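Worth saying up front: this structure is predicted, and the values here are computed from it rather than measured.
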Amino acid sequence: MSRSVRLALANLPFPESPEQSVTAAEQAIASAAAERADVVCFPECFVPGYRGLGMKVPPPDAAFLERAWAAVAAAAAKANVAVVLGTERLVDGALRISALVVGRDGKILGFQDKVQLDPSEDGPYTPGSGRRVFQSGPLTFGVSICHEGWRYPETVRWPARHGAQVVFHPHFHLAEPGGYRPTRFADPANTFHEKAALCRAAENTCFFATVNFASEGSPTTSAVVSPDGTPLSYQPYGKAGLLLADVDLSEATRLLASRCKPL
């Protein structure tokens with residue numbers, strides 16, 4: 001029996017300020033509801049903005065984050081849409097890259113912190129620990145953040161082995177001077193990243209939903225990859241907007257993930 005879920009990926013420009021990131025998130029959640037999406041996912045650290053690669057973001061502010069999360073939760077409840085929000089959080093004074101997960105009723109379901117940091121993130125951020133899956137209606141899903149999903153396949157296999165039909169992959173990838181500018185997904189002339197997205201889906205027999213910011217010359221884009229490793233849908237490079245994809249959860253058998261034997 002088909003169990004269809006509509007995913008929305010918020011392929012949005014980098015926010016002008018922490019406050020604007022919250023406004024943009026609220027607007028995207030409302031737009032996702034208008035498109036009858038069941039869940040919407042945002043890029044890495046969308047609220048308040050990613051720290052690094054020359055991006056200027058005010059110092060971490062725990063009180064601001066609490067207000068921002070409350071506003072996003074209220075927007076989720078009003079829209080009846082589950083939310084995976086790329087964000088950051090302070091834990092015992094240490095700053096972590098994280099994803100806040102909010103249910104369709106506005107209840108905060110928890111966080112998935114980034115465990116495998118990119119080497120460039122050592123310093124501004126501290127790694128988290130542990131992995132978990134989340135539930136929204138018939139959908140079970142996990143989150144693997146940026147560098148984790150590109151270079152640590154285990155961070156996708158774990159949620160797939162624990163029931164996830166979809167693994168969301170919030171990331172942040174800007175154009176580099178002289179870098180290749182793709183026009184089609186997983187172009188052989190491009191970097192390895194989008195090919196890795198195909199592998200994460202195929203090697204686990206699950207959907208892999210990767211979401212980037214919209215920027216000029218973007219080297220990767222937002223996309224949903226089917227469990228057989230083929231692209232289901234992808235956003236035109238650099239174009240801001242919601243990418244929508246209807247996924248049949250019965251296709252996400254997780255067969256290959258479940259057959260993986262311990263080393």
Side-chain angles (χ1 to χ4, degrees), residues 9-32 40-79 83-102 106 108-129 143-149 168-177 210-220 222 238 240-242:
L9 304 183
N11 196 88
L12 303 177
F14 195 91
E16 298 174 1
S17 67
E19 291 75 15
Q20 195 269 332
S21 74
V22 178
T23 300
E26 292 172 321
Q27 292 171 345
I29 293 167
S31 295
V40 57
C41 181
F42 290 84
E44 181 178 22
C45 292
F46 187 77
V47 173
Y50 180 83
R51 302 174 187 280
L53 301 180
M55 310 309 292
K56 295 181 179 180
V57 180
D61 184 338
F64 166 80
L65 289 170
E66 291 288 347
R67 293 194 302 271
W69 300 338
V72 167
K78 182 178 179 180
V83 175
V84 180
L85 179 72
T87 188
E88 64 183 23
R89 67 183 188 126
L90 286 159
V91 180
D92 297 327
L95 188 64
R96 297 182 183 180
I97 294 173
S98 194
L100 168 72
V101 178
V102 182
I108 291 179
L109 302 181
F111 294 88
Q112 174 62 66
D113 294 331
K114 190 174 186 177
V115 178
Q116 300 288 345
L117 297 182
D118 184 90
S120 67
E121 294 166 344
D122 290 338
Y125 297 108
T126 300
S129 62
V143 181
S144 176
I145 302 173
C146 199
H147 182 70
E148 296 186 312
F168 289 103
H169 178 241
H171 72 277
F172 176 63
H173 198 183
L174 287 179
E176 298 179 5
T210 182
V211 54
N212 192 16
F213 291 86
S215 64
E216 177 66 24
S218 176
T220 58
S222 299
L242 286 180

Got Phe46 and Pro15 here, is their nearest side-chain heavy-atom distance under 4.5 Å? yes
Heavy-atom check, side chain of Glu148 versus side chain of Val115, under 4.5 Å: yes
To the nearest 0.5 Å, what is the distance between CG (Asn11) and OG (Ser215)? 8.5 Å
Look up atom NE2 in His147 and atom NE2 in His169, then write down how far apart they are to the nearest 0.5 Å. 10.0 Å
From Glu121, His171, His173, Gln116, residue fulfilling side-chain contact (heavy atoms from CB on, under 4.5 Å) relative to Cys146: His171
Could you measure the distance from the CG atom of Leu95 to the CD1 atom of Ile97? Nearest 0.5 Å is fine. 8.0 Å
So do the side chains of Arg89 and Asp113 get within less than 4.5 Å of each other, counting heavy atoms only? yes
What's the verdict on side-chain contact (heavy atoms from CB on, under 4.5 Å) for Phe42 and Leu12, showing C-alpha distance, side-chain angles and the deciding distance? CA-CA 8 Å; Phe42 290 84; Leu12 303 177; 4.1 Å; yes
Between Pro13 and Ala240 the two heavy atoms that sit nearest each other are CD-CB, 3.8 Å
Would Phe14 and Val57 count as a side-chain contact (heavy atoms from CB on, under 4.5 Å) here? Give the steps. CA-CA 11 Å; Phe14 195 91; Val57 180; 4.3 Å; yes
Between Pro48 and Phe64, the two heavy atoms sitting closest are CB-CE2, 3.9 Å
Would a 4.5 Å heavy-atom cut-off, applied to side chains only, mark Ile29 and Val83 as touching? yes
Which one of Arg96, Lys114, Arg51 satisfies the side-chain hydrogen bond (donor to acceptor under 3.5 Å, both in side chains) criterion with Glu88? Arg51
Between CG of Leu9 and CG of Asn212, what distance do you get to the nearest 0.5 Å? 11.0 Å
Taking the side chain from Glu44 and the backbone from Ile145, do they hold a donor-acceptor pair closer than 3.5 Å? no
Can you say whether the rings of Tyr50 and Phe172 are parallel (under 30°), tilted (30 to 60°) or perpendicular (over 60°)? tilted
Taking distance alone, no hydrogens or angles, what donor-acceptor pairs closer than 3.5 Å link side-chain atoms of residues 66-73 to residues at least two apart or in another chain?
residue	atom	partner	partner atom	Å
Trp69	NE1	Thr87	OG1	3.2

Between CZ of Phe111 and CG of Leu85, what distance do you get to the nearest 0.5 Å? 9.0 Å
